[in-house]
**Q** 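Mind looking over this structure? Questions follow.
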Amino acid sequence: MSLFHRKKEVSLPTERLLPQHIGIIMDGNGRWAKRRGLPRQAGHGYGARVFRTITKYCEKIGIRYVTVYAFSTENWRRPQEEVDAIMNLLRDYLRESLRDFQKENIRTRFIGEREALAPDIRALIEEAESSTAHKTGMVLNIALNYGGRDELVHAMRSLAEEVKAGRLSPEEIDETRISDRLYTAGQPDPDMILRPSGEYRLSNFMIWQAAYSEYVFQDILWPDYRQKDLDAALEEYARRNRRFGGI
Ligand code: FPP
């Protein structure tokens with residue numbers, strides 16, 4: 001059994017090497033479905049199930065923050081049928097988690113631009129956030145209509161407004177002031193970013209926050225992703241020597 005299998009079994013030095021914040025790019029749903037002769041939406045359905053099991057597992061082993069990439073600002077370009085299917089999976093998940101939120105100690109948050117989302121999804125999101133705001137366990141950020149560049153544009157606009165209003169001088173703009181205007185304000189940057197499916201890119205995911213993240217790319221399609229694959233990623237992370245620009 002892996003060292004990371006249960007919270008209790010993680011020894012102290014290992015716990016030290018456990019990432020505090022994991023970012024996950026849940027990729028490969030479409031290919032998974034295509035290989036089985038199924039519509040792409042079926043892949044997202046399986047992907048949503050894996051999302052539930054993997055995030056619960058993260059909570060169980062003591063990860064403090066998990067951010068999953070559910071829908072990007074670019075994903076609107078997909079066929080309407082596929083966009084609708086992903087939004088329906090989110091509706092199902094939100095309704096289910098509102099029903100079951102007492103069972104878990106997970107604080108759910110959404111990051112991304114909400115204006116473009118359907119009013120019922122926005123209402124469900126607000127309910128999910130407010131009903132879990134008091135939770136003390138893992139923070140789960142769901143990136144929905146999220147883009148790293150879009151997030152930075154919003155942060156820059158907000159800083160520009162402050163400069164225009166005379167509340168801030170350009171010289172006072174620093175990394176902390178930018179981080180404080182991101183959706184993830186107040187949270188640690190991701191220590192590790194996972195991308196299954198054999199693709200080696202960030203795809204506009206947490207581009208500011210990922211400056212010093214360790215990337216772990218795995219050749220597994222997201223619907224096939226299991227706890228053992230996360231264990232392997234954690235073991236890989238624990239072997240990395242993070243230097244943050246030092247030596
Ligand atoms: C990327 O795979 C996946 C997505 C764009 C959608 C992810 C959505 C879910 C897992 C379900 C809904 C989420 C929640 C939180 C309930 P892809 O379609 O780009 O795969 P491909 O590269 O094989 O085409």
**Q** How long is the straight-line distance from CH2 of W222 back to NE2 of H44, given to the nearest 0.5 Å?
**A** 13.5 Å
**Q** Working to the nearest 0.5 Å, report the span between CZ of R31 and CG of D224.
**A** 11.5 Å
**Q** What distance do T67 atom OG1 and I25 atom CD1 have between them, rounded to the nearest 0.5 Å?
**A** 11.0 Å
**Q** Looking at every heavy atom in both Y225 and L194, which two are closest together, and how far apart are they?
**A** OH-CD1, 3.5 Å
**Q** If hydrophobic clusters are built from ILVMFWY residues whose side chains come within less than 4.5 Å, do I111 and L124 share one?
**A** no
**Q** Search all heavy atoms of L18 against all heavy atoms of Y237 and return the closest pair with its distance.
**A** C-CE2, 4.1 Å
**Q** For a side chain to side chain contact (heavy atoms under 4.5 Å, CB included) check, start with the C-alpha distance between I178 and L152, then their side-chain angles and the critical distance, and finish with the verdict.
**A** CA-CA 8 Å; I178 294 175; L152 283 168; 4.2 Å; yes
**Q** M192, V68: one ILVMFWY side-chain cluster at the under-4.5 Å cut-off?
**A** yes
**Q** Between W208 and L159, is there shared hydrophobic-cluster membership here, with clusters defined by ILVMFWY side-chain heavy atoms closer than 4.5 Å?
**A** yes
**Q** Does the side chain to side chain donor-acceptor pair (under 3.5 Å) test come out yes or no for N141 and Q187, once each step is laid out?
**A** CA-CA 10 Å; N141 297 312; Q187 301 186 10; 2.7 Å; yes
**Q** Before giving the answer on salt bridge (charged side-chain N to carboxylate O under 4.0 Å, His left out), spell out for E59 and K56 the whole-Å C-alpha distance, their side-chain angles and the decisive distance to 0.1 Å.
**A** CA-CA 5 Å; E59 211 278 322; K56 279 183 188 158; over 6 Å; no
**Q** Are the side chain of Y69 and the backbone of S203 linked by a donor-acceptor contact shorter than 3.5 Å?
**A** yes
**Q** Are more than 12 heavy atoms from other residues, nucleotides or ligands located less than 6.0 Å from atom CZ of R167?
**A** yes
**Q** Could E161 and R157 be called an ion pair, given the rule that one side-chain N must be under 4.0 Å from one carboxylate O?
**A** no
**Q** Carefully, step by step, assess E104 and K135 under the rule salt bridge (charged side-chain N to carboxylate O under 4.0 Å, His left out).
**A** CA-CA 8 Å; E104 278 156 14; K135 300 280 184 176; over 6 Å; no
**Q** Just how far is it from atom CG of L230 to atom OG1 of T55, taken to the nearest 0.5 Å?
**A** 10.5 Å
**Q** Determine the interplanar angle of the F244 and Y212 rings, folded into 0 to 90°, and report it as parallel if under 30°, tilted if 30 to 60°, perpendicular if over 60°.
**A** tilted
**Q** Do any N or O atoms from the side chain of R109 and from the backbone of V139 form a donor-acceptor pair under 3.5 angstrom?
**A** no
**Q** Looking at W32, is R35 sitting on its ring face, NZ or CZ under 6.0 Å from the six-membered ring centre and within 45 degrees of the normal?
**A** no
**Q** Under a 3.5 Å distance rule, please check whether D229 uses its side chain to pair with a backbone N or O of R226 as donor and acceptor.
**A** yes
**Q** Could you pull out the closest heavy-atom pair between V163 and S169, with the gap in Å?
**A** CG2-C, 4.5 Å
**Q** Kindly say whether E115 contributes a backbone atom to a donor-acceptor pair with the side chain of E113 at under 3.5 angstrom?
**A** yes
**Q** Out of curiosity, T184 OG1 to D189 CG, how far, rounded to the nearest 0.5 Å?
**A** 7.0 Å
**Q** How far apart are the closest heavy atoms of E151 and Y183, and which atoms are they?
**A** OE2-N, 2.9 Å
**Q** Start with the C-alpha distance between E96 and R52, add both sets of side-chain angles, then the distance that settles salt bridge (charged side-chain N to carboxylate O under 4.0 Å, His left out), and finish with yes or no.
**A** CA-CA 11 Å; E96 185 190 305; R52 286 179 180 78; 2.9 Å; yes
**Q** Just how far is it from atom CG of L144 to atom CZ of F110, taken to the nearest 0.5 Å?
**A** 6.5 Å
**Q** Taking atom CD as the centre, does Q102 end up with more than 12 heavy-atom neighbours from other residues, nucleotides or ligands that are less than 6.0 angstrom away?
**A** yes
**Q** Identify which one of R195, R239, R240 satisfies the salt bridge (charged side-chain N to carboxylate O under 4.0 Å, His left out) criterion when paired with E214.
**A** R240
**Q** Centre of Y46's six-membered ring, under 6.0 Å away, within 45 degrees of the axis: is that where NZ or CZ of R49 sits?
**A** yes
**Q** Taking all heavy atoms of I86 and all of A70, pick out the closest pair and write down the distance.
**A** CG2-O, 4.2 Å
**Q** Look at the rings of Y65 and H21 and say which category their plane angle falls in: under 30° parallel, 30 to 60° tilted, over 60° perpendicular.
**A** tilted
**Q** Any sub-3.5 Å donor-acceptor pair from D92's side-chain atoms to L89's backbone N or O?
**A** no
**Q** Taking all heavy atoms of S197 and all of D27, pick out the closest pair and write down the distance.
**A** OG-OD2, 2.8 Å
**Q** If you group Ile, Leu, Val, Met, Phe, Trp and Tyr by side-chain heavy-atom gaps below 4.5 Å, do I22 and Y200 land in one group?
**A** no
**Q** Should the pair F71 and W76 be assigned to parallel (<30°), tilted (30 to 60°) or perpendicular (>60°) ring geometry?
**A** perpendicular
**Q** Would M26 end up clustered with Y57 when hydrophobic side chains under 4.5 Å apart are linked, directly or stepwise?
**A** yes
**Q** Could you check whether atom CZ of R91 has more than 12 heavy atoms from other residues, nucleotides or ligands sitting under 6.0 Å from it?
**A** yes
**Q** Going through the distances and angles, do M87 and D84 end up as a side chain to side chain contact (heavy atoms under 4.5 Å, CB included)?
**A** CA-CA 5 Å; M87 294 300 161; D84 290 346; 5.6 Å; no
